[in-house]
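Taking it in order: structure first as structure tokens, then the write-up.
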Amino acid sequence: MAQQRILTGITPSGTPHLGNYAGAIRPAVEASRQADAESFYFLSDYHALIKTGDPERVQRSTLEIAATWLAAGLRPERVWFYRQSDIPEIPELTWLLTCVTGKGLLNRAHAYKAAVDKNAADAADPDAGVTMGLFMYPLLMAADILIFNADKVPVGRDQVQHLEMARDIAASFNHRYGAHFALPEAAVDESVATLPGLDGRKMSKSYDNTIPLFAPTAELKKRVFGILTDAKAPGEPKETEGSPLFQLYQAFASADETRAMRVRFQEGIAWGEAKEVLFDKLEAVIAPMRARYEELIAEPERIEQVLKSGAERLRAKYAIPFIARLREAVGLRRLDRALATKTPARPKPQARPQFKQYGEADGRFYFKFIDGDGRLLLQSQGFASPRVAGQAVAAIGRGSDFAPWAELAPGATADDVARACEALRAG
Ligand code: TRP
């Protein structure tokens with residue numbers, strides 16, 4: 001069997017903090033050392049343009065994040081490590097996918113809907129401040145994944161919907177042009193640490209409670225001593241449960257060290273001393289990486305070289321031949337060859353078509369109708385309750401028109417839906 005392909009993108013915006021390291025960078029670097037997968041890690045700098053219009057910031061952040069991953073132990077000779085904007089086949093594929101994707105699919109993307117909802121709350125125009133970049137984000141992300149036919153995509157919870165969309169988009173393309181894409185799956189690792197920040201809430205740039213991964217030693221110390229604690233005096237037993245200080249320690253210490261720290265909490269270690277222990281631990285883990293990081297940052301031409309070489313090899317091996325096949329498939333062809341006389345037959349559905357009902361983060365309930373080969377046929381609007389959504393499904397099943405509740409996906413016909421309903425009713 002071919003090696004599994006694991007792919008993930010890192011958007012270069014902002015400075016990486018301890019939470020990014022423990023939650024994303026460290027597990028990814030560890031996974032990349034396993035030999036049974038082919039891994040793709042890339043800097044999604046096209047995505048960064050959606051979030052910021054500041055060119056210096058994009059450049060600086062790309063450099064910093066590339067250096068961070070290399071300093072954290074990513075081995076560019078063992079994994080594919082590249083920059084999205086060095087692969088022109090990605091935006092090219094984005095367009096091919098755009099043409100088989102319903103606008104309705106993108107209307108439902110969480111980030112876009114959140115912007116529209118906010119505008120509604122502010123009594124502004126629904127699309128005020130919404131760029132086409134924000135709107136098309138899921139399509140660009142689908143192209144990132146599909147250009148290398150990735151099987152598994154490690155992402156955070158917030159990205160799961162984008163993976164669902166990538167599958168829908170891939171299935172639409174496959175249905176129209178033949179089976180070119182594998183359907184990718186999200187891999188959400190529930191076991192990776194979500195680190196608390198200085199104030200005990202999740203460490204996040206938006207809460208301004210982070211500890212930058214490569215802060216200089218003095219600043220690291222200052223931040224650690226700024227971690228929120230309760231008012232328990234030295235000698236009083238302290239709770240480990242819910243203590244940000246303890247959780248941070250646990251994320252960087254061994255199991256034995258963590259056990260010992262637990263005992264010291266019970267014995268009433270003074271907060272000042274606990275902070276000292278945490279700082280020493282962090283410094284021990286981070287200092288060697290920080291030194292490598294600083295060396296790397298001082299030689300940007302080396303990083304540039306690593307990224308360029310990754311992209312070049314990757315394009316030659318996969319992206320260029322694959323986009324050539326896709327261009328051929330959609331009819332972007334040489335003119336001096338005989339015209340193809342017929343388009344290939346539709347692939348036969350492998351499994352029974354099905355209705356899927358699901359809730360979304362917007363609190364509404366949806367259904368969709370999926371063909372046996374995974375192709376999206378019908379997509380509903382949002383309903384206030386699962387019951388109302390279920391009634392609409394039932395009505396369609398009885399043969400009434402779907403138009404009041406749902407729209408056809410591009411490439412699907414009312415006939416497709418009728419046949420699928422038939423098959424459903426039959427058994
Ligand atoms: N959207 C992802 C994020 O903000 C980054 C990303 C871009 C990505 N392209 C991707 C992740 C492809 C996985 C696969 O976190």
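In listed order, ligands and their atoms are each counted from 1. For clarity, every value in this text was computed on a predicted model and none was experimentally measured.
Ring geometry for Tyr137 against His47 counts as perpendicular: the plane angle is over 60°, on a 0 to 90° scale with 30° as the lower cut. By the 30° and 60° cut-offs, the orientation of the rings of Phe355 relative to Phe367 is perpendicular. Using a 30° and 60° split on the angle between ring planes, Phe246 and Phe265 fall in the perpendicular class, above 60°.
In this structure, Glu294 places its CD atom where more than 12 heavy-atom neighbours from other residues, nucleotides or ligands lie under 6.0 Å away. Counting non-hydrogen atoms of other residues, nucleotides and ligands closer than 6.0 Å to CD of Glu241 gives a total of 12 or fewer.
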Hey, what polar pairs (N/O, under 3.5 Å) does ligand 1 make with protein?
unit_1   : atom_1 : unit_2 : atom_2 : d
ligand 1 : 1 (N)  : Tyr137 : OH     : 2.5
ligand 1 : 1 (N)  : Gln159 : OE1    : 3.1
ligand 1 : 4 (O)  : Tyr137 : OH     : 3.0
ligand 1 : 9 (N)  : Asp144 : OD2    : 2.7

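Listed by first and then second residue, the salt bridge (Lys or Arg N to Asp or Glu O under 4.0 Å) pairs that reach into residues 105-134 are Lys113-Asp362, Lys118-Asp122, sequence neighbours excluded.
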